[in-house]
Protein chains: 2
Amino acid sequence: MSSLSPPHPLPPLERDGRERRSEDTRRALIAAGLDLFGDYGIKGTTSRMLATASRTNVAAITYHFGSKEGLYLAVVGSIAERMDQHLLKTGMPDPAAVAGASLSAAAAVTVFANLIDHLAGLMVDSEEVRIWARIIVREQSQPTLAFETLYRGRMERIQGMLASLIGAAIGSDPAAADTKIRAHALIGQVLGFATSRESLLRALGVKRLSPTHRETIRRVLRQHVEACLCRTRPASA
Amino acid sequence: MSSLSPPHPLPPLERDGRERRSEDTRRALIAAGLDLFGDYGIKGTTSRMLATASRTNVAAITYHFGSKEGLYLAVVGSIAERMDQHLLKTGMPDPAAVAGASLSAAAAVTVFANLIDHLAGLMVDSEEVRIWARIIVREQSQPTLAFETLYRGRMERIQGMLASLIGAAIGSDPAAADTKIRAHALIGQVLGFATSRESLLRALGVKRLSPTHRETIRRVLRQHVEACLCRTRPASA
DNA sequence: GTCTATAGTCGGATAGAC
DNA sequence: GTCTATCCGACTATAGAC
């Protein structure tokens, strides 16, 4: 017997099978948590609901995540991971890079508009993002430990990036409160389509947004962003 | 004994005392509900929490409102009443009136900006409105029966009013989806300061907004509204 | 109209068989 | 690792004294 082999290696197939099954259970619980925590909140979601939706059982929650709260944190963690993947796809560079590279105002506006358009696309097109939105909205008005996970390096980075671009676009200090507030207002326009969805649907008199509606939303947001960044001083018509 | 007198009139003082006390209990429960339902949701708020916060008792909820859900509906009803009072104070005329009176574009922008400023003031200055916001945000992402109360004649009226003003400002049809979406985007900017408050506070690195921050918010929103309404076509810097 | 005591239900977590 | 059966605590709603 080679000394390099572990003393009691499990048969690979059986071990893989077990690990695979365990991982499947974890995934199923997290997927159920994404749906249910968003709809009903932490307390409103019962272990039994999670067990049924995930086609597992109540004991699995404690076994894999320690508690229902542990599962919630894992759910938020999975959102954070997916956010990171989406952020990579935007090709969003480091805020510091933008601050360093002296971007022209026009270029900054273009980058900003593209970024907003990308976020708007996610917000109105992606069912996945809409599911997160409910959890994030809850964390905004009643932050738990999980807010830190969502904010640090993610929302923080978007906010910093937008502030840098606004700085370049209108010649303001990216670190100034004024600039940060501008970034917040502009991103608020986008988020409104996730957070106030029900109002929008009622105003439009529809049950769901059509592709045309979605295109209009993106076009309007782009126009608004460009208008706000190219015209920083109030002026009458 | 006059035949006009009821057979067994209660002594006025005692009757007033009872009615007063009953009304006080109802008020106290509704006030507790405003705070607690916003923070913890319907299910997350327990009868015991409501009884303790209102300095009444669990039985009073069932007695006065039929059930915890009944109290929730009463809480939303009280929000609706207060919204109406605030709407009156904005001096907001009927949307139809604006649609009828052919307002000049410049005048429409001014009225719109004042309206947004008024709403922004409520959103950032009024503790009361911030408490509503949490309940309304919940209703947006998970509407209950109560959403109807909030929407009909209230949010609906604001949305309609904004759409009419946008119509006058940029010469579009107030009933068109494009116009409604513009209204939604612009109001979203304002609402973002209520719904994404935690992000804003973190970005600014403060625990609460200073008076200067609030002034900045209102100034930025006014500038953005004016920019968006005076410049409907995208243009490079 | 108020409030204490309690009935009946359902919650999260666990023990122990498989 | 999974899952059934079960514990115990907390919940809502109610009954009945005041």
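Protein chains get the first letters and strands the later ones, always in sequence-line order, with residue 1 at the start of each.
Note: OH (B:Y72) to P (D:dT12) measures 16 Å, nearest angstrom. We find that CD1 of B:I42 is positioned 14 Å from C1' of D:dT12, with the value rounded to whole Å. The separation between A:M49 atom CE and C:dG11 atom P is 9 Å, rounded to whole Å. Between the CD1 atom of A:I61 and the P atom of C:dG11 there is a distance of 12 Å, given to the nearest Å. Taking atom CZ of B:F65 as the reference point, atom P of C:dT2 lies 11 Å away to the nearest angstrom. Rounded to whole angstrom, the span from the OH atom of A:Y40 across to the P atom of C:dG12 amounts to 14 Å. When rounded to the nearest whole Å, the span between CG of A:D24 and P of D:dC3 equals 12 Å. Nucleotide C:dT2 holds its P atom 13 Å from the CZ atom of B:R27, rounded to whole Å.
Contact annotation: side chain of B:R48 to base of D:dT12, donor-acceptor pair present below 3.5 Å.
Each of A:K43 and A:R55 was assigned the nucleotide of DNA chain D with the nearest heavy atom; the assignment lying further toward the 5' end belongs to A:R55.
For the pair B:S196 and A:H184, the minimum side-chain heavy-atom distance is below 4.5 Å.
In this model, no donor atom of one side chain and acceptor atom of the other lie less than 3.5 Å apart for B:T216 and B:H213. B:T195 and A:Q140 share no side-chain donor-acceptor pair at under 3.5 Å.
Note on A:A60: nothing from the nucleic acid sits closer than 4.0 angstrom, heavy atoms only.
Taking each heavy atom of B:S54 and B:L50 in turn, the nearest pair found is OG-O, 2.7 Å.
Taking the side chain of B:N57 as heavy atoms from C-beta on, and the options C:dC3, D:dC3, D:dT12, the nearest nucleotide is C:dC3. Side chain of B:H64, nearest nucleotide from C:dG12, D:dT12, C:dT2: C:dT2. Listed nucleotides: C:dT2, D:dA13, C:dG12. Nearest to the side chain of B:Y63: C:dT2. Distances were taken from every side-chain heavy atom of A:T62 (C-beta onward) to each of C:dT4, D:dC11, C:dT14; the shortest belongs to C:dT14. Which of D:dT4, D:dA13, C:dT2 sits closest to the side chain of B:V58 comes down to D:dA13. Across D:dT4, D:dT14, D:dG1, the shortest atom-to-atom separation from the side chain of A:A59 is found for D:dT4.
OP1 and OP2 of D:dC11 both lie 4.0 Å or more from every side-chain N or O belonging to B:S47. Checking the phosphate oxygens (OP1, OP2) of D:dT2, no side-chain nitrogen or oxygen of A:T56 falls inside 4.0 Å.
By the 4.0 Å N-to-carboxylate-O rule, B:R218 lies too far from B:E215 to be salt-bridged with it.
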